[in-house]
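Since the structure comes first, as structure tokens, the remarks are kept for the end.
Throughout, protein chains are lettered first and strands after them, A, B, ... in sequence-line order, and every chain is numbered starting at 1.
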Number of protein chains: 2
Amino acid sequence: MARAEKRPVTVQTIAKHVGVSAAAVSTVLSNRHEERRLAPATVERIRQAVRELGYVPNVAARRLRAHDPDVHSMDLGILTTFEAPLFLVSRALEEVQRSVDARSAPDRRFSISIDMFHAGRLRDMPGLLNASRFNGVIITNTLPEDDAFLRSTTLPYAVVVQGRRLPNYCCVLETPGEGGRRAAEILVGGSRRRLVVLTPTLLTETTADRRDAFVAAVRAQTGREPVHVAADFTPASAAEAIRAHLAKDPRCDGLFAVTDTLALGALHALKSAGRRVPQDVAVVGVGDHEHADFFDPPLTCVGPAYDQVVAEIVSLLFNLMSRRRVRPVEVFVAPTVTLRAST
Amino acid sequence: MARAEKRPVTVQTIAKHVGVSAAAVSTVLSNRHEERRLAPATVERIRQAVRELGYVPNVAARRLRAHDPDVHSMDLGILTTFEAPLFLVSRALEEVQRSVDARSAPDRRFSISIDMFHAGRLRDMPGLLNASRFNGVIITNTLPEDDAFLRSTTLPYAVVVQGRRLPNYCCVLETPGEGGRRAAEILVGGSRRRLVVLTPTLLTETTADRRDAFVAAVRAQTGREPVHVAADFTPASAAEAIRAHLAKDPRCDGLFAVTDTLALGALHALKSAGRRVPQDVAVVGVGDHEHADFFDPPLTCVGPAYDQVVAEIVSLLFNLMSRRRVRPVEVFVAPTVTLRAST
DNA sequence: AAAAAGAGCTAAATCGATTTAGGCGCAAGT
DNA sequence: ACTTGCGCCTAAATCGATTTAGCTCTTTTT
């Protein structure tokens with residue numbers, strides 16, 4: 001059943017198979033056979049062959065052909081992993097969209113798409129290396145393997161990396177060490193002593209930095225070591241992990257979650273274990289969830305000012321594309337502290 | 001400052017400008033000038049021109065050229081609006097990804113991207129009409145204008161529409177009328193009489209159907225009319241709207257939100273107005289938020305079984321692409337009821 | 001002085017689909 | 001009989017970038 005020709009089926013293939021020209025095939029494919037007066041019998045034979053041979057149009061060829069030389073068009077991509085929650089790119093998307101709407105004109109059109117790769121497999125994304133897909137990209141949520149790949153090759157087009165420091169690219173990230181330190185300040189300053197830091201099992205540079213800075217700050221300020229708890233990216237998994245931890249350490253009184261999705265699960269586990277937040281356990285997140293202020297209780301966050309991060313990213317991206325900037329830079333955005341009811 | 005050539009800058013333009021061949025320009029652009037022994041001075045002149053003229057590579061041309069004839073590649077798109085929350089497409093994305101991973105092979109590669117349009121402006125999306133972007137698409141979150149556009153033209157490739165009934169496309173949607181009816185049943189059956197239905201201001205076919213069916217069912221069962229409350233797509237806006245409504249109708253005791261994001265805002269407003277959920281006010285959502293079971297209290301939902309919806313969509317999409325299916329069909333997925341603590 | 005090596009560049013083919021201009025036969029009109 | 005028109009189809013150009021084979025001129029080697 002599985003048809004496995006070595007060469008793909010093109011209009012030429014079909015044309016040869018039917019015994020007509022490629023033009024005739026194309027005419028049928030675009031449903032122009034009436035106005036171009038192809039004989040119904042020929043149309044039918046072509047249709048038949050199209051079906052039989054399993055023709056798949058080459059979109060790149062169509063696009064090239066359809067290209068209107070009077071319209072500049074630029075393809076922007078936001079690259080993230082399948083594994084990371086999609087809402088993480090929402091803000092970047094909105095800001096890019098705003099910029100793009102402002103820069104669009106009849107002779108200048110942008111298109112933005114979100115493209116995903118499997119965590120750690122960025123290198124497998126088609127078109128990345130040969131620059132055949134995007135005029136500019138924002139890369140985010142990479143794992144260390146992806147970072148290593150990026151470090152090893154310099155992509156020959158506009159690239160802005162979020163949340164990593166890579167010497168050969170423009171990078172925008174929160175000031176290293178700050179987030180974790182401020183979280184520790186809040187919890188320790190609130191007299192919490194039995195602390196937990198909750199992270200995903202797969203750590204990115206950002207999440208690892210938050211954890212490490214938190215641990216270091218807590219150690220420095222209290223002489224005690226926070227307990228690491230790891231979970232998947234889902235709240236359900238975080239809830240389960242925290243539930244297990246509470247069984248082992250019932251007196252725990254403060255928690256720092258390095259992503260808000262984890263904090264959401266933690267809040268749930270705490271409440272269903274009968275702990276009051278913040279009276280019994282204080283919880284700090286990072287503000288990467290668009291609805292952190294609608295959690296119950298609303299989540300205190302220590303994290304980068306996303307609007308600023310995104311504004312920097314977009315500004316760098318457009319400068320790179322217009323070649324106003326050619327050297328890589330690192331832009332640090334200081335974390336902001338949003339105190340809400342969870343502490 | 002603004003450079004506004006009529007014709008776009010191509011490698012040819014640059015070549016002519018510098019007085020070399022297009023091949024030389026291309027060589028420089030791909031950083032192959034060392035191995036191909038271009039004179040450093042020439043390289044510099046070309047680089048200069050590239051910068052001066054504001055060259056932007058044509059990705060379609062690059063892709064066509066880079067195309068490996070031994071690899072079939074298919075481009076899939078998930079089309080949604082900028083205005084709708086991104087997480088709404090998460091599940092579709094995951095399922096498509098699973099299917100694609102299962103069907104990928106060394107000689108068969110898929111790429112999936114999420115592309116967005118402004119609500120009501122689907123027609124403006126480049127490459128939709130001339131089929132120059134995707135081999136197959138899933139279209140969702142359309143407004144009535146978009147539906148009208150789709151109805152008026154039959155896109156010449158694999159299209160599956162979610163949540164709408166369009167005679168010329170394959171459509172997958174929840175059984176019309178069912179969701180609203182079941183929500184009414186739950187609230188009325190729980191002896192709630194002063195009911196509210198909370199919707200976005202911009203109604204899609206799906207959200208309008210949920211509202212209308214709810215209103216009709218409540219009217220039939222109680223003889224009373226639920227109150228309409230409308231808000232933006234955000235929880236903040238929903239909270240504000242509900243707060244205002246509570247001021248006018250303090251005795252309201254049941255609420256149906258046609259999207260979970262709105263429910264999230266409503267829960268917040270209710271709690272901060274001192275109402276207990278579900279004792280004072282029962283709340284029903286639709287289960288379109290991935291974390292509805294982590295809301296506080298966890299949200300009772302009446303909505304389509306998303307896994308099933310998505311499975312149907314993906315199956316239709318692949319059947320369309322392989323031409324195993326050629327006629328449009330409508331697939332209805334019955335809503336499921338998930339009772340949680342909010343009722 | 002002739003041949004070989006190398007430096008520096010170009011012409012032309014190619015990727016796949018589409019469109020434009022036009023060709024060939026045959027029937028109808030004058 | 002000769003044009004006109006139509007029905008049906010094709011050759012060739014085109015979109016833009018890249019690569020391959022090869023050309024020309026200079027320098028070095030024998």
B:Lys16 NZ to C:dT10 P, straight-line distance once rounded to whole Å: 13 Å

Regarding B:Arg37, tell me which of base, sugar-phosphate or nothing describes its non-hydrogen contacts under 4.0 Å with the strands shown. base

What is the distance, to the nearest angstrom, from the CZ atom on B:Arg36 to the P atom on D:dT18? 9 Å

5'-most contact on DNA chain C (nearest-nucleotide basis), B:Ala39 vs B:His67, goes to B:Ala39

Of the options C:dA17, D:dT10, D:dA17, whose atoms approach the side-chain atoms of A:Asn58 most closely? C:dA17

Should the pair B:Phe82 and B:His118 be assigned to parallel (<30°), tilted (30 to 60°) or perpendicular (>60°) ring geometry? tilted

Euclidean distance, A:Glu205 CD relative to A:Thr142 OG1, rounded to 0.5 Å: 7.5 Å

Rounded distance in Å - CG (A:Leu29) to C1' (C:dG16): 12 Å

Using a 4.0 Å heavy-atom cut-off across all strands, classify A:Thr42 as base, sugar-phosphate, or nothing. sugar-phosphate

Using whole Å, what does the distance between atom P of nucleotide C:dC15 and atom CG of B:Asp70 come to? 11 Å

Could you check whether A:Val25 gets within reach of a base, just the sugar-phosphate, or nothing at all, counting any heavy atom under 4.0 Å? nothing

If you look at every strand shown and take non-hydrogen atoms under 4.0 Å, does A:Thr10 touch a base, only sugar-phosphate, or nothing? sugar-phosphate

Rounding to a whole Å, what distance do you find between A:Asp68:CG and C:dT18:P? 17 Å

Rounded to whole Å, CD of A:Glu35 lies from P of C:dT20 at a distance of 10 Å

In whole angstrom, give the distance that lies between atom CD of A:Glu44 and atom P of D:dC9. 14 Å

How far apart are the closest heavy atoms of A:Pro106 and A:Val71, and which atoms are they? O-CG2, 3.9 Å

Side-chain N or O of A:Tyr55 versus OP1/OP2 of C:dG16: is the shortest distance under 4.0 Å? no

Nearest of C:dT10, C:dG16, D:dT10 to any side-chain atom of B:Leu64? C:dG16

Taken to the nearest whole Å, CG/B:Leu38 to P/C:dG6 is 18 Å

So that I can tick it off, tell me whether B:Arg63 and B:Asp75 are bridged by a salt bridge, with the cut-off set at under 4.0 angstrom between side-chain N and carboxylate O. yes

For C:dG16, take OP1 and OP2 only and decide whether either is under 4.0 Å from a side-chain N or O of A:Arg63. no

Can you tell me which nucleotide in D:dT19, D:dT14, D:dT10 comes closest to the side chain of A:Arg65? D:dT14

Both conditions, 6.0 Å and 45 degrees, for the charged tip of A:Arg103 above the ring of A:Phe318: are they met here? yes

N or O in side chain of B:Arg32 less than 4.0 angstrom from D:dT18 OP1/OP2: no

